[in-house]
Each structure stands twice: as structure tokens, then as C-alpha cells.
Amino acid sequence: MIQVRLQPFTVYESALMRTTSTLIFTEESLILVDPNWLPEEVAMIRRDIELARDGKKLYVIYTHHHYDHIIGAYAFPDATVIASKAFVEANSDDQLREIQSFYEQNYINRPIHKPAVDLIIAEDGTLELGSTPITFYLTPGHELTHMSLVVEPLKLLLCGDYGSNIEPPFIEHDAEDYVESLQKLQTAVYEHEIRWLVPGHGDVCDDRSKMIERLSAAEEYILALPEERIWSKLWPEHAFFDRVHERNREHVEQKMREREARRQDY
């Protein structure tokens, strides 16, 4: 389904996990971020691209290599692909197996592959796609390969699996990096005077104070681990998120034990 359709961009929302894909229209190119999930959803995005293409260059940007964000890569073989250096270097076999398992369970027959990257983002900075400046931020923490981006002329922040209003943090890489990335994104909201924040899961936000509320709630939650469970009123209470919280708590405890062991070695 379409969550938001404005003249400069469209945000699609999958029926699964409320995962978003974003298509940005510029005078010279089309920029697609994280195409996903179901074949008919990916086909809708492809159709809209072809209707607007008119010889324009197509870029596809992947915020990170988790399977739900790369599952639609097969539909855009003609795109120039952009992702982080960590994305290129990561072994994504487990993510591809997740896609295969999902397809097999649901009798879906579509190609499975990790997209080959043409433009590699190795550090924070601005890249012009045609005449459209895009500022990229490396934002590990949720996942090592993660990056976020600001479409400068639109004041549009696409922050991947940060900034959600429907789920707590999923710490799958490093809690300290996660907090640093959240702080970096909060700074970006003010520095770029962001008008729209698009999370990888959940609702687009067009209120700057609520953007900060989302990001700071995640920061407060992580900083309280492992002793406390500071749960934002935005996040639902159910068994799946209880398991996510327990995994987050165990991750932080393990990192604390590792730091203590290193300290004692010295």
C-alpha cells in the first residue's frame, strides 16, 4: 500500500512488518530506498518507476543488508546501487537464506541475490546524484552495515531501522554504536531542518519534536540496559517484543562482561 504520496516522493508500506520503501522523484533521476517485500508490492514500485522513468537514471540505495530491506533487489537490475562499505564487505549468506526460507514457506518463486554495489559509502559525506545532493551518515548499532541519508533539497531523512514509532530498538551489532548513531541522527534533524523522517518500519513523521521524541526514547531505553526496561509509550507490549528486549539485555550484559575481562587483562 501507499502510506504517503507527495509530488517529490512516495512512501510504500508493506503488509509485512510495516516495512517502508521510498521512491524519490528528481528532475534527472529516480532514487529508490530499500525495495521490499512481497512480489506484488515490489511490482507496484517497479510500475511507478516505469511510469515516471522517461529516460531518467535509476538509483537504488540500501540502508543495510537485512533481508527485509534487500528482498526486492531482483526487480531493479538496471539500477545504479548505493550502499555502505560495510554492506559490500559483509557476508550476507544468512540474510539470503532468510529470503529463501520465506519464499519456500509461502510458495514464492523470485530470484534471490545480494545486490552488487556501484557506489560505496565509506564515510559520512555528501554525494550528488545528478544535481541532487544526498548526505550519507554511517549509522551502525542496529546492524554493522547500516547507513542513513538526507535528501537535501527535500529535507527528507531516511533512517532505515531507526526512528520507528512501532517497535523498540533491535540491537544486532553494538549498543554503544547504536546510541552514537541515534545522537548523530538527532543532530541531523536540527542541522538539516528535517521536514520528513521515514523509518524502515512504521509511520512517516512530519513533526520535528516527535522525530526527536522517537530517537531520544530509543536512546533512553538503551542507556538504561541491562538493569531497567524504559519502554516508550509508542511501542506495543507483546510477547515478541518481550523477546527482543531480553535479547537486547543479554547483548548489553555480554558486552559489559567483555569490557571487564579486557580491563582485568591490563
Side-chain angles (χ1 to χ4, degrees), residues 1-4 9-24 31-38 41-42 44-45 59-73 76 81-84 86-87 90 92 95 98-99 102 114-115 121 134-151 154 156-173 177-178 181-182 184-186 188-189 194 196-206 210-215 217-219 221-222 232 234-236 240-241 244 248:
M1 63 173 273
I2 292 174
Q3 184 184 133
V4 174
F9 67 91
T10 298
V11 178
Y12 304 85
E13 180 184 312
S14 174
L16 301 179
M17 300 164 65
R18 298 197 61 199
T19 315
T20 61
S21 305
T22 302
L23 178 59
I24 300 151
I31 304 167
L32 175 62
V33 181
D34 289 350
N36 66 82
W37 254 90
L38 299 170
E41 295 170 341
V42 175
M44 175 188 287
I45 298 171
Y59 296 93
V60 176
I61 300 173
Y62 295 97
T63 59
H64 59 301
H65 81 151
H66 277 169
Y67 73 99
D68 53 324
H69 293 259
I70 67 170
I71 193 169
F76 309 96
V81 174
I82 304 174
S84 70
F87 181 106
S92 301
Q95 301 301 321
E98 291 278 6
I99 297 174
F102 172 74
K114 179 180 178 178
I121 306 302
I134 311 288
T135 297
F136 293 93
Y137 292 103
L138 300 181
T139 49
H142 165 64
E143 203 279 326
L144 177 61
T145 72
H146 202 288
M147 70 178 186
S148 305
L149 59 137
V150 175
V151 184
L154 303 182
L156 172 65
L157 170 61
L158 297 114
C159 50
D161 280 358
Y162 297 96
S164 176
N165 65 320
I166 64 165
E167 64 180 18
F170 285 55
I171 306 171
E172 299 192 15
H173 166 54
D177 283 353
Y178 204 123
S181 292
L182 289 167
K184 184 184 291 189
L185 291 170
Q186 290 176 69
V189 166
I194 295 300
W196 293 286
L197 179 151
V198 181
H201 302 271
D203 295 302
V204 174
C205 184
D206 62 358
K210 291 181 179 177
M211 298 176 198
I212 296 300
E213 179 184 0
R214 292 187 189 186
L215 296 167
E219 180 182 358
Y221 164 79
I222 294 171
S232 169
L234 298 172
W235 308 332
F240 174 63
F241 285 164
V244 170
N248 289 341

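Keep in mind that the numbers below use all heavy atoms, side chains included, and drop hydrogens, waters and symmetry copies. Given the structure is predicted, the values throughout are model-derived calculations rather than measurements.
Y67 pairs by the side chain to side chain donor-acceptor pair (under 3.5 Å) definition with nothing, not counting sequence neighbours. Remark: S14 pairs with L16, T19, N36, W37, E41 by the side-chain contact (heavy atoms from CB on, under 4.5 Å) rule, at least two apart or across chains. Legend: residues meeting side chain to side chain donor-acceptor pair (under 3.5 Å) with S84, ordered by chain and number and at least two apart, are absent. Residues meeting the side chain to side chain donor-acceptor pair (under 3.5 Å) test with Y62, sequence neighbours left out: none. Residues forming a side-chain contact (heavy atoms from CB on, under 4.5 Å) with L144 (at least two apart in sequence, or on another chain): A86, H173. Applying the ring pair (Phe, Tyr, Trp, His ring centres under 6.0 Å) test to H69 and every residue at least two apart in sequence or in another chain returns H64, H201. With sequence neighbours excluded, the residues satisfying ring pair (Phe, Tyr, Trp, His ring centres under 6.0 Å) with F9 are W196. With sequence neighbours left out, Y162 forms a ring pair (Phe, Tyr, Trp, His ring centres under 6.0 Å) with H146, Y178. Under the salt bridge (charged side-chain N to carboxylate O under 4.0 Å, His left out) criterion, E172 pairs with R247, sequence neighbours left out. Residues that satisfy the side chain to side chain donor-acceptor pair (under 3.5 Å) test with E98, not counting sequence neighbours, are absent from this structure. Remark: K114 pairs with F87, A90, S92, L96 by the side-chain contact (heavy atoms from CB on, under 4.5 Å) rule, at least two apart or across chains.
A heavy-atom distance below 4.5 Å is not found between the side chains of F170 and S164. V244 is listed as a side-chain neighbour of F241, based on a closest heavy-atom distance under 4.5 Å. Contact annotation: the side chain of Y59 never approaches that of F76 to less than 4.5 Å [non-hydrogen atoms, C-beta and beyond]. At least one side-chain heavy atom of R214 sits under 4.5 Å from a side-chain heavy atom of C205. For the pair V11/I2, no side-chain contact is recorded, criterion being any heavy-atom separation below 4.5 Å from C-beta on. Looking only at side-chain heavy atoms (C-beta outward), I82 and I121 come within less than 4.5 Å of each other. The shortest distance between side-chain heavy atoms of L157 and V189 falls below 4.5 Å. Residues L158 and I24 form a side-chain contact, since some pair of their non-hydrogen atoms from C-beta on lies under 4.5 Å apart.
To the nearest 0.5 Å, atoms CG (L182) and CG (L215) are separated by 6.0 Å. To the nearest 0.5 Å, atoms NZ (K210) and CG (L234) are separated by 9.5 Å. We find the NE2-OG1 distance between H142 and T63 to be 8.0 Å, quoted to the nearest 0.5 Å. Going from atom OG1 of T20 over to atom CD of Q3 covers 7.0 Å, rounded to the nearest 0.5 Å. L185 CG to L197 CG: the interatomic distance, rounded to the nearest 0.5 Å, is 8.0 Å. Rounding to the nearest 0.5 angstrom, the gap separating the CD1 atom in I61 from the CG atom in L32 is 8.5 Å.
Paired with E143 under the rule side chain to side chain donor-acceptor pair (under 3.5 Å), one option of Q95, H65, H66 passes, and it is H65.
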- Could you walk me through whether Y12 and L23 pass the side chain to side chain contact (heavy atoms under 4.5 Å, CB included) test, one step at a time? CA-CA 8 Å; Y12 304 85; L23 178 59; 3.7 Å; yes
- What's the verdict on side chain to side chain contact (heavy atoms under 4.5 Å, CB included) for I31 and I134, showing C-alpha distance, side-chain angles and the deciding distance? CA-CA 10 Å; I31 304 167; I134 311 288; 4.2 Å; yes
- Evaluate the criterion side chain to side chain contact (heavy atoms under 4.5 Å, CB included) for residue pair V60 and V33; output intermediate values, then yes/no. CA-CA 6 Å; V60 176; V33 181; over 6 Å; no
- Before giving the answer on side chain to side chain contact (heavy atoms under 4.5 Å, CB included), spell out for V150 and I194 the whole-Å C-alpha distance, their side-chain angles and the decisive distance to 0.1 Å. CA-CA 8 Å; V150 175; I194 295 300; 3.9 Å; yes
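A donor-acceptor distance shorter than 3.5 angstrom exists from the side chain of N248 to the backbone of I171, with no hydrogens or angles considered.
Of all heavy-atom pairs between V81 and P115, the closest is CG1-CB, 4.3 Å. What you find for S21 and P35 is that their closest heavy atoms are OG-CA, 3.5 Å. Closest approach of F102 and L38 over heavy atoms only: CZ-CD2, 3.8 Å. In terms of heavy-atom proximity, P199 sits nearest to G163 at CB-O, 3.6 Å.
Among pairs with a residue in residues 13-24, those fulfilling salt bridge (Lys or Arg N to Asp or Glu O under 4.0 Å) read E13-R18, R18-D203, at least two apart in sequence or across chains.
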